Structures are given as structure tokens and as C-alpha cells.
Amino acid sequence: MNSVKLDPSWLTPLQGEFDSPYMAQLREFLIGERKAGKRIFPAAREWFRALDLTPLDQVRVVILGQDPYHGPGQAHGLCFSVRPGVRTPPSLVNIYKEMRSDLGVEPAGHGHLEHWARQGVLLLNSVLTVEMGNAASHRGRGWERFTDAVVQAVAAQDRPVVFLLWGAYAQKKAGFIRSVEAGGKHLVLKAAHPSPLSAHNGFFGCRHFSKANAFLQAQGRAPVDWALPADAGEAAA
């Protein structure tokens, strides 16, 4: 992680994490995995892509995922997002369905979400790496502690932020966030995960996209343009 690439706004609040023993152990683990010939996704330069595209002081919405996609060519450091030209994964298809129901936004023909990230939507996985073909293989190695610190850094901001917590795994992070219901400043919205296995248990119909924008506007912050460019290349521009 000597060549960490992320927006400078994150460096001060996260410096203690990068200097900590657990991060050194995580670094050694990842080096060992690569030396053993294992392919790790995403590429090392994209491990912190979410933090590079979305500066801390510009975060408006946080969407929490679990692990990167473990298929070749999919993961690029943003939760739920895939590279241009890659088939849209089932969970993201369901996210698009809910957007259409909630906002009338037609689904994009791609799954590239950089357009959101560049508007202040932090697309953060709880675990930032995975072995090819081996889902959840890097859980419990230290990434969760690091992303806890990321969520805490966002929650410590003076500006109100919306946290979209989909599924039990993402909702574990809620303890770091003081919501408006608890006398805090942030809006915490919870729903089932958009996976085909659980989307019908409360994700569909949650209307999180319109609720997020309504809250942001009520707080004097700009809403998110959830409509993605038709061309994935434009979404990355």
C-alpha cells in the first residue's frame, strides 16, 4: 500500500489506520497472496478508488456494499459498480428497478457508477479486496476495521449526510452514525439488500433515492442526479 491513491482529504483522518499494526498485517497478507499466484480484485491501484473519486468534504450520500465482485474484469473499487462493457450484475439491476419505480429514471445500459461517485456518493465496500472466484475470501483480514474508520470520518463531518444501508452486513456500520432520530444530523435509511435473494423483502419500494434527495434539499444541500449517462464512457468522464 505504499502507492496508495486517494483524495488528499482522507489522509489526515485515516493516517492512524495506515500506520497501524493491523494494516501492516493486511499488507503482508495481500503481498503473500499475490506471491502465491492468486489473482486479487480489484487491481491494487483501485483498492481506494471510492476514496479517490469522492473527497471527504464532498460526501453527500454513502452506499455500503460488502465485497468486490470476484469475476475477472468486474471490480474497479466502487461498490455495486462494474467496468464499462461488463454485464450489469443482478443486484445493480434491482437497484435500477427501484430507481425507475421511485424516480422514473430509466435504467442505464451499463453498470458503471462513477457518475454517482463524482457527485459525492461514496460507493464503499466493507472489504476492499477479494481473491478471484472466491467470494468473501478477504473478510476478517482488517479491511472491516479500516472501512469502519472511513464511516466514522464521514459521520464526524459537520455537513448532513445520507447513509443507505442495504442488508444486515451494511447495517453493522450503523453504530458509528448518529442519526437524526437519535439527535444527530445524518439520515440513516435501512432496507433489505438488493440481491435477487432478498430484494423482495423490503428493498423494492424503499424509495431511498427520493428520500435521500428530499433530505439533502431540506438541509440546503444539492440533490444527487441519479440518472446515469447513456454511455458508460461518459459516466467515467
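This one's a predicted model, so the numbers in the text were calculated from it and none came from an experiment. Just so you know, these numbers use all the heavy atoms, side chains as well, and skip hydrogens, waters and symmetry mates.
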Answer yes or no: is there a side-chain heavy-atom contact under 4.5 Å between His115 and Val121?
no
I'd like to know if Arg83 and Glu46 make a salt bridge, using a cut-off of under 4.0 Å between side-chain N and carboxylate O.
yes
Closest non-hydrogen atoms of Ala199 and Asn94, given as atom of the first, atom of the second and distance, are CB-ND2, 3.7 Å
Calculate, to the nearest 0.5 Å, the distance between atoms CG and NE2 belonging to Asn125 and His138 respectively.
13.5 Å
Check whether Leu103 and Ile95 end up in the same hydrophobic cluster, where Ile, Leu, Val, Met, Phe, Trp and Tyr are linked by side-chain heavy atoms less than 4.5 Å apart.
yes
Between Gln15 and Asp19, do the side chains contain a donor N or O and an acceptor N or O under 3.5 Å apart?
yes
Under 4.5 Å side-chain linkage, directly or through intermediates, the cluster mates of Val130:
Phe41, Met132
Has the side chain of Trp47 got a donor or acceptor atom that lies under 3.5 Å from a matching backbone atom of Gly77?
no
CG-OG distance between Leu113 and Ser81, expressed to the nearest 0.5 angstrom
4.0 Å
Can you tell me how far OG of Ser198 sits from CZ of Phe204, rounded to the nearest 0.5 angstrom?
9.5 Å
Transitive ILVMFWY side-chain link Phe80 to Val93, under 4.5 Å:
no
Where do Ala75 and Pro42 come nearest, in terms of heavy atoms and distance?
O-CB, 3.6 Å
Just how far is it from atom CH2 of Trp166 to atom NE2 of His208, taken to the nearest 0.5 Å?
8.0 Å
Under the rule for salt bridge (charged side-chain N to carboxylate O under 4.0 Å, His left out), what residues qualify as partners of Arg139, not counting sequence neighbours?
Asp67
Write down the atom of Ser179, the atom of Val188, and the distance for their closest heavy-atom approach.
CB-CG2, 3.8 Å
Residues Glu17 and Tyr22: side-chain donor-acceptor under 3.5 angstrom
yes
Using a 4.5 Å cut-off on heavy atoms from C-beta on, say whether the side chain of Val154 contacts that of Leu56.
yes
Roughly how far, to the nearest 0.5 Å, is the CD atom of Glu144 from the CG atom of Leu128?
9.5 Å
Are the side chain of His112 and the backbone of Val86 linked by a donor-acceptor contact shorter than 3.5 Å?
no
Lys/Arg-Asp/Glu bridge criterion (N-O < 4.0 Å) met for Asp52, Arg49:
yes
Shortest non-hydrogen separation from Leu30 to Ile40 and the atoms involved:
O-CD1, 3.8 Å
Report the C-alpha distance between Phe209 and Val105 in whole Å, list the side-chain angles of each, state the deciding distance to 0.1 Å, and finish with yes or no for side chain to side chain contact (heavy atoms under 4.5 Å, CB included).
CA-CA 11 Å; Phe209 302 100; Val105 171; over 6 Å; no
So do Trp226 and Asn213 actually touch side chain to side chain, heavy atoms under 4.5 Å?
yes
Pair Leu122-Val161, side chain to side chain contact (heavy atoms under 4.5 Å, CB included): steps then yes or no:
CA-CA 10 Å; Leu122 182 64; Val161 174; over 6 Å; no
Sub-3.5 Å donor-acceptor pair from the side chain of Glu131 to the main-chain atoms of Arg39, do we have one?
no
Does any donor atom in the side chain of Asp102 or Ser210 lie under 3.5 Å from an acceptor atom in the other side chain?
yes
Shortest non-hydrogen separation from Ala230 to His110 and the atoms involved
O-CD2, 3.5 Å
According to a 4.5 Å side-chain heavy-atom criterion applied to Ile, Leu, Val, Met, Phe, Trp and Tyr, with indirect links allowed, do Leu11 and Leu124 form part of one hydrophobic cluster?
yes
Are Val151 and Phe163 side-chain neighbours, meaning at least one heavy-atom pair lies under 4.5 Å?
yes
Donor-acceptor under 3.5 Å (Tyr69 side chain, Cys79 main chain)
no
Contact between Lys5 and Arg45 at the side-chain level, heavy atoms closer than 4.5 Å - yes or no?
no
Do Trp143 and Phe48 have ring centres separated by under 6.0 Å?
yes
Side chain Glu28, main chain Ala24, donor-acceptor under 3.5 Å
no
Any donor-acceptor pair under 3.5 Å from Ser9 side chain to Pro55 backbone
no
Is there a side-chain contact between Asp148 and Lys173 in this structure, where contact means two heavy atoms from C-beta onward sitting under 4.5 Å apart?
yes
Please step through side chain to side chain contact (heavy atoms under 4.5 Å, CB included) for the pair Glu106 and Met99, ending with a clear verdict.
CA-CA 8 Å; Glu106 288 302 313; Met99 283 173 49; over 6 Å; no
With rounding to the nearest 0.5 angstrom, report the CZ to CD distance, Arg60 to Gln157.
14.5 Å
Test side chain to side chain contact (heavy atoms under 4.5 Å, CB included) applied to Tyr96 and Leu228, step by step:
CA-CA 10 Å; Tyr96 288 170; Leu228 294 163; 3.2 Å; yes
When you compare the side chain of Cys206 with that of Leu189, does any pair of heavy atoms fall below 4.5 Å?
no
Heavy-atom closest contact (Leu78 atom, Ala117 atom, distance):
CD1-CB, 4.2 Å
Do the side chain of Gln74 and the main chain of Val82 share a donor and acceptor less than 3.5 angstrom apart?
no
Counting the benzene-type ring for Trp, do Tyr169 and His193 have ring centres under 6.0 Å apart?
no
Are Phe203 and Leu197 linked, directly or through other ILVMFWY residues, by side chains that come within less than 4.5 angstrom of each other?
no
Test item: Val150 and Val62 side chains (from C-beta on) under 4.5 Å apart, heavy atoms:
no
